Amino acid sequence: MSLLTVWPEADGTAPVLRTAEPSAIAEALAPIGVRYEQWTADQELAPGAGQDEVIAAYRTEVDRITAAEGYILVDVIRLQPSDDPEWPAKAAAARQKFLSEHTHDDDEVRFFVEGAGIFYLHVDGKVYAVLCEAGDLLSVPKGITHWFDMGAEPSVAAIRFFHDEDGWVGDFTGSGISTRFPDFDAIWAGYTESAA
Ligand SMILES: CSCCC(=O)/C(O)=C/O
Ligand SMILES: [Fe+2]
Ligand code: NI
């Protein structure tokens, strides 16, 4: 399951669209150049599995995406709650990195293979919050203003594709818009309640 919520950029309290229907999500995102697809992500990942293991588990999907779109670098972001005393600081730093509005010079393709996270796309006077879960493939054109939230207790794994060997580079806009919209934890609470 996934969820799309759309608000006017001036008001993060009154959504103009809220849908968990995959075809409706894809249809709403297509006009802004965003590709949303549901693939299958059902590989069992060991708790300590790192980049190489995750990429190996999804080799077929990784090869399909890189071959179709010419990516030269693939990496994995994976966060899982743990008892490690360093976890709270690690989680907070990982969350903070993507929490303010930014753009990229490269398009952005993310294949979610575990957990959940929300991409907020700020386009044409609206904010589109795409809650992605395992199996979701999201492709965002270069230059789109956006931010990403994985919540206070991140649990997510996503495979990322880059055309540039520098990997993830964000250009921050300096806008405080991300603080005016419901964060991951607020949206996730409503989503799990409505799914129950
Ligand atoms: C789920 S991938 C981590 C976030 C990221 O790569 C990005 O570009 C956020 O804007
Ligand atoms: Fe991004
Ligand atoms: Ni980004």
Side-chain angles (χ1 to χ4, degrees), residues 1-5 9 25 29 32-39 41 43 45 49-51 53-55 57-58 61-62 65-66 69 71-81 90-123 126-185 187-188 191:
M1 282 275 285
S2 311
L3 179 72
L4 172 67
T5 314
E9 66 184 354
I25 295 175
L29 294 176
I32 59 166
V34 173
R35 170 177 159 213
Y36 168 82
E37 291 172 7
Q38 283 194 336
W39 290 24
Q43 300 294 322
L45 299 173
Q51 307 228 14
E53 290 94 337
V54 175
I55 290 170
Y58 287 97
E61 292 79 1
V62 167
I65 295 166
T66 47
E69 299 175 40
Y71 294 105
I72 59 161
L73 182 75
V74 179
D75 78 5
V76 173
I77 181 160
R78 187 173 192 218
L79 289 134
Q80 290 177 295
K90 189 180 164 193
R95 182 185 194 196
Q96 197 54 43
K97 181 169 181 186
F98 307 111
L99 215 42
S100 297
E101 188 187 65
H102 62 275
T103 61
H104 304 288
D105 281 347
D106 197 359
D107 59 42
E108 176 157 23
V109 172
R110 305 290 183 257
F111 179 42
F112 286 79
V113 297
E114 201 176 61
I118 301 179
F119 269 97
Y120 296 77
L121 313 169
H122 179 201
V123 190
K126 294 193 186 112
V127 171
Y128 298 73
V130 194
L131 189 161
C132 296
E133 292 194 275
D136 288 341
L137 180 85
L138 193 72
S139 152
V140 177
K142 69 177 175 183
I144 280 192
T145 43
H146 67 279
W147 65 96
F148 177 80
D149 190 13
M150 50 182 121
E153 191 72 352
S155 176
V156 66
I159 304 176
R160 314 191 298 179
F161 300 82
F162 301 95
H163 285 112
D164 196 316
E165 61 190 17
D166 293 342
W168 193 91
V169 180
D171 297 316
F172 288 87
T173 64
S175 164
I177 187 170
S178 62
T179 61
R180 301 195 291 273
F181 286 82
D183 67 5
F184 175 91
D185 295 313
I187 293 180
W188 182 256
Y191 172 65

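Keep in mind that this is a model prediction, so the values were computed, not measured. Indexing begins at 1, ligand by ligand and atom by atom, following the structure's order. We use all heavy atoms of the structure for the numbers below, so side chains are in, but hydrogens, waters and symmetry mates are not.
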Open item on the list: Just to confirm my numbers, could you give the angle made at the Fe ion (ligand 2) by OE1 of Glu108 and NE2 of His146, rounded to 10°?
Closed with: 80°

TODO: Report yes if the distance between the aromatic ring centroids of Tyr120 and Phe181 is under 6.0 Å, otherwise no.
DONE: no

Task: Contacts of type side-chain hydrogen bond (donor to acceptor under 3.5 Å, both in side chains), residue Arg160, not counting sequence neighbours - done: Asp75

Task: Candidate list Asp106, Asp107, Asp164, Thr66, test side chain to side chain donor-acceptor pair (under 3.5 Å), partner Tyr71, passing option - done: Asp107

Open item on the list: Using every non-hydrogen atom in the two residues, find where Val127 and Glu9 come nearest and quote the distance to one decimal.
Closed with: CG2-CA, 4.3 Å

Task: Arg35 with Glu69: basic N within carboxylate O range, under 4.0 Å - done: yes

Task: Ala158 neighbourhood, listing ligand 1 atoms whose heavy-atom distance to it stays under 4.0 Å - done: 1 (C)

Task: Atoms in ligand 1 flagged as close to His102, the criterion being non-hydrogen separation under 4.0 Å - done: 9 (C), 10 (O)

Open item on the list: With a cutoff of 4.0 Å, is His104 in contact with ligand 1, counting heavy atoms of the residue only?
Closed with: yes

Open item on the list: Please determine whether any non-hydrogen atom of Lys97 lies less than 4.0 Å from an atom of ligand 1.
Closed with: no

- [ ] Would you check the N or O atoms of Arg110, main chain and side chain alike, for any that come under 3.5 Å of an N or O of ligand 1?
- [x] yes

- [ ] Check ligand 1 against Phe112 and write out every atom of the ligand that is under 4.0 Å from a heavy-atom position of the residue.
- [x] 1 (C)

Task: Qualifying residue, where the test is ring pair (Phe, Tyr, Trp, His ring centres under 6.0 Å) with Phe119 and the options are Phe148, Tyr36, Trp147 - done: Phe148

- [ ] Just let me know how Trp168 lines up against ligand 1, side chain, backbone, both or neither, with a heavy-atom cut-off below 4.0 Å.
- [x] side chain

- [ ] Tell me, with the steps shown, if His146 and His122 meet ring-ring contact (aromatic ring centres under 6.0 Å, His included).
- [x] CA-CA 5 Å; His146 67 279; His122 179 201; over 10 Å; no

- [ ] Give the numbers and elements of all ligand 1 atoms closer than 4.0 Å to a heavy atom of Glu108.
- [x] 5 (C), 6 (O), 7 (C), 8 (O), 9 (C), 10 (O)

Open item on the list: Taking 4.0 angstrom as the limit and counting only heavy atoms of His146, give me the atoms of ligand 1 inside it, by number and element.
Closed with: 10 (O)

